[in-house]
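Inspection log for the structure reproduced underneath, given as structure tokens.
These numbers were taken from a predicted model, which means no experiment stands behind them. Throughout, protein chains are lettered first and strands after them, A, B, ... in sequence-line order, and every chain is numbered starting at 1.
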Amino acid sequence: MLVQPIMDNASLAGAFEEIATLKELQGEDGFRSQAYRNTARRLETLTQDAAELVRTGTIKDQISSLGKSQLEVLGQLVSQGSSDLLNDLRARTPPGHLQMLKIAGIGPKKVRALFQELGVTTLPELASACETGKVAALKGFGAKTQAKILEGIAFVTTSGQRVRLDQALFLATALLTRVREFPGVSRAELAGSVRRRRETVKDIDIVATAESPTELIAAFVSWPGVRSIAGQGETKASVVLEAESSTGRLSLGGRLTINADLRVVSPSQFPFALNYFTGSKEHNVLLRQRAQARGWRLNEYELEGHTEICTDEADIYKALGLAYVEPEMREGTGEDSAAEAGKLPSLVKSSDIRGVFHNHTTASDGADTLEAMALAARELGLEYLGIGDHSQSLTVANGLTPDRVRQQWNEIDALNARLKGITLLKGTECDILPDGSLDFDDALLAGFDYVVASVHTHFGQTREEMTERICRALEHPMVTMLGHATGRLLLRRDAYAVDLEAVMKTAARTGTMIEINANPMRLDLDWVHCRRARELGVLLVINPDAHSREELAYFTHGVDVARRAWLTAAEVYNTKSVQEVLADLALRRKQQPV
DNA sequence: GCCGTTTTCGGCCCGACTGTTTTCAGTCG
């Protein structure tokens, strides 16, 4: 039997991205490769299964810019798992050339020159060519370029990768504070993917106004934490920051290296610069096209041709006939037409969250006691705190036996009687065993207020096995919500193989919630699938998966994901009050007799 | 590679910075 290759949207996007890059390296016209790159972006953010749309011949309804060539590539990728064009390009391009592109200041033209003039195909060969002075002698290169390439090779091989949002946000906020405190700075904001709250970012962007741009820029490049200066001009500076990484439970720690850019503009330019540098690139293109259609030109300084003054971003959107688009929605995925039609959702906010369900205590693998967690939750302004310690089979995490579960219930009852202003809920993070059954029997499960069901073992199952396993758990009447649906750890471990579309459809049918695991190492569901879940009518719930008091605040990262998925407060379960939640959970129990 | 209310070819978003050049190409965002 022929096995159908599984090309999910991310794999298809990866293939198109690679085609675009390889075409550039082959010296093809930039607009041709851009066409493939645009398709990659659309595939990344497509909420439906692209392979299925290709099979049913309806993909062009979703990605209208597909022509004959790209449709053929898509068709081959879906039916064969590979594409003639991609294979051909790969065969003609040394793999080292892709790595060389990661060096700052090196683009496709320089890679080609290095290959044609010096025959360089790998990073070590490039390093050696630099060390022997051959690179500096090339036309268009020089001593400085050669030195930068050597630095770049060291940077690429040691770090220079994407950074988790929470880590970047921590540094970015500190940097922003310094900028705002600098004399003569009246406005300063974070921009770029940090402001849009992407789950991982490549650099930090700050836009500011200053009475003396030169002084601000000079100060910026000399602040503590700046390891090197990548560029310094009249209006912009670019530096490499180095700092101790945070050491959260799932973090590897170590040093963190990230680029930071500062742009200084005049007060009247500020809203345009902030908007431009917030992006995304795709969103900017949509705005520019709208400006063009009105006979204006939009750039990072002004809306040329438009006479009314814009003092903030909302004025720009208004001028373009749009409602204000929150940064998290600026991904070029239909926010322009929604804004034009006045159909943008009112996004959920962190202040809407009134409780959380998936948290651990010292009873399993948490760092803080039940009471300490309860007090910390109250301090955060939450009305309820659900405890979801691990279940018995997860011995590595000190999973609770039924006896210890009952003991915890007694402690919760006692604390609820004693503590004011916070209600503890009895939950469990119950393992989904390899066959899809649950780690506790139904009689015990019936005693909880709710059940979070999660996969922690046997990640190597086939996609079919894993999908069936999770769906079976969702069918279980006692399961309230699915924990971290894909098991991924950002920048560390890929998701296990699972058909999320099938999982989400099952959840929609059974009324089971899906968690947005807000631990910044996970953010699982991711925002794209979260948006699909919303389309399918799945109720979502934001959980910090806190293993300590401090980690309770992680729920804000989940709110960021929810906002990127266009979720309103009504579509997130834990915006309900404690009374509503208690009533709803009781109702769910009654409808599902054991 | 794709597109079309100046349509089937010419244009596609646009400016800053760098390093090399001596007026600009390449890179980046």
Side-chain angles (χ1 to χ4, degrees), chain A residues 16 19-40 42 60 63-74 85 100-114 135-149 151-152 191-196 198 201-207 213 217 221 229-239 259-265 269 272-293 295-304 320 332:
Chain A
F16 271 74
I19 289 173
T21 307
L22 292 172
K23 273 181 172 290
E24 280 178 343
L25 285 170
Q26 289 296 324
E28 278 204 38
D29 170 41
F31 290 109
R32 291 187 173 207
S33 70
Q34 193 57 42
Y36 283 90
R37 190 154 279 132
N38 288 339
T39 301
R42 291 287 294 115
K60 209 168 154 43
I63 309 178
S64 58
S65 61
L66 288 172
K68 190 161 163 280
S69 306
Q70 296 195 66
L71 279 173
E72 191 187 332
V73 172
L74 260 182
L85 174 64
M100 284 159 66
L101 285 180
K102 292 183 180 152
I103 300 169
I106 295 285
K109 302 268 171 61
K110 286 208 160 77
V111 172
R112 273 175 70 74
L114 289 163
V135 171
L138 289 182
K139 184 164 185 273
F141 292 74
K144 282 194 176 178
T145 306
Q146 181 171 274
K148 276 186 86 170
I149 290 176
E151 257 179 58
S193 46
V194 173
R195 182 166 181 237
R196 300 201 313 281
R198 275 199 58 169
V201 302
K202 224 174 68 188
D203 52 23
I204 293 168
D205 289 287
I206 294 178
V207 179
I217 284 171
V221 300
I229 303 169
Q232 182 180 0
E234 300 271 304
T235 63
K236 105 168 230 197
S238 192
V239 299
N259 288 298
D261 291 349
L262 171 69
R263 268 129 183 140
V264 189
V265 296
Q269 293 168 337
F272 298 99
L274 177 61
N275 186 249
Y276 182 88
F277 291 113
T278 296
S280 66
K281 208 183 285 182
E282 292 74 24
H283 180 77
N284 286 356
V285 168
L286 293 173
L287 294 189
R288 277 162 193 277
Q289 285 169 345
R290 291 188 71 87
Q292 252 187 351
W296 305 329
R297 282 160 62 89
L298 180 64
N299 59 31
E300 58 261 57
Y301 304 120
E302 60 175 342
L303 183 51
E304 197 185 312
L320 295 173

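- Here A:I63 pairs with A:R42, A:L43, A:I59, A:S65, A:L66 under the side chain to side chain contact (heavy atoms under 4.5 Å, CB included) rule; sequence neighbours left out.
- In summary, contact between chain A and DNA chain B, defined as any nucleotide atom under 4.0 Å from a heavy atom of the protein, begins and ends at B:dG1 to B:dG29 in the 5' to 3' direction.
- Look at B:dC28: its Watson-Crick or wobble partner, with both distances under 3.5 angstrom, is B:dG15.
- Distance alone, capped at 3.5 Å, places no donor-acceptor pair between the A:R297 side chain and the A:A291 backbone.
- Applying the 90° cutoff around 0 to the glycosidic angle, B:dT7 is assigned syn.
- A donor-acceptor contact shorter than 3.5 Å is absent between the side chain of A:E28 and the backbone of A:K23.
- Nucleic acid contact for A:S64: sugar-phosphate only, since backbone atoms but no base atoms lie under 4.0 Å from a heavy atom of the residue.
- As rounded to the nearest Å, B:dT6 and B:dG1 have P atoms that lie 27 Å from one another.
- With both ends at atom C1', the span from B:dT8 to B:dC14 equals 27 Å, rounded to whole Å.
- Nucleotides B:dT23 and B:dG19, compared at atom C1', are 13 Å apart to the nearest Å.
- Mapping A:R297 and A:K236 onto DNA chain B by nearest heavy atom places A:R297 closer to the 5' end of the strand.
- Counting non-hydrogen atoms under 4.0 angstrom, A:L138 reaches nothing in the nucleic acid.
- Between A:N299 and A:F272 there is no side-chain heavy-atom pair separated by less than 4.5 Å.
- Atom name C1', nucleotides B:dA16 and B:dC3: the rounded distance is 30 Å, in whole Å.
- Nucleic acid contact for A:A104: sugar-phosphate only, since backbone atoms but no base atoms lie under 4.0 Å from a heavy atom of the residue.
- When all heavy atoms of A:E234 and A:P213 are compared, the closest pair comes out as O-CB, 4.0 Å.
- Of the two residues near DNA chain B, A:G107 and A:R288, the one whose nearest nucleotide lies more 5' is A:R288.
- Proximity of a side-chain donor or acceptor of A:R263 to a complementary backbone N or O of A:K236 within less than 3.5 Å is not detected.
- Nucleotides B:dC17 and B:dC13 place their P atoms 23 Å apart, quoted to the nearest Å.
- Side chain of A:R290 to backbone of A:L320: a donor-acceptor contact under 3.5 angstrom is found.
- Within 4.0 Å of A:L287, counting heavy atoms only, lies no atom of the nucleic acid at all.
- Between the C1' atoms of B:dT7 and B:dC12, the separation comes to 15 Å (whole Å).
- Looking at heavy-atom distances under 4.0 Å, A:D29 makes contact with a base.
- Among the atoms of the strands shown, none is found under 4.0 Å from any heavy atom of A:A136.
- Note on A:K148: only backbone sugar-phosphate atoms sit closer than 4.0 angstrom, heavy atoms only; bases stay farther off.
- Nucleic acid contact for A:Y276: base, since at least one base atom lies under 4.0 Å from a heavy atom of the residue.
- Rounded to whole Å, the C1' atom of B:dT22 lies 15 Å from the corresponding atom of B:dT18.
- Side-chain contact between A:K281 and A:R37: absent, with no pair of heavy atoms (C-beta onward) separated by less than 4.5 Å.
- Comparing B:dG15 with B:dG10, their P atoms sit 24 Å apart, to the nearest whole Å.
- Within the nucleic acid shown, A:E234 comes within 4.0 Å of sugar-phosphate atoms alone, with no base atom in reach, counting heavy atoms only.
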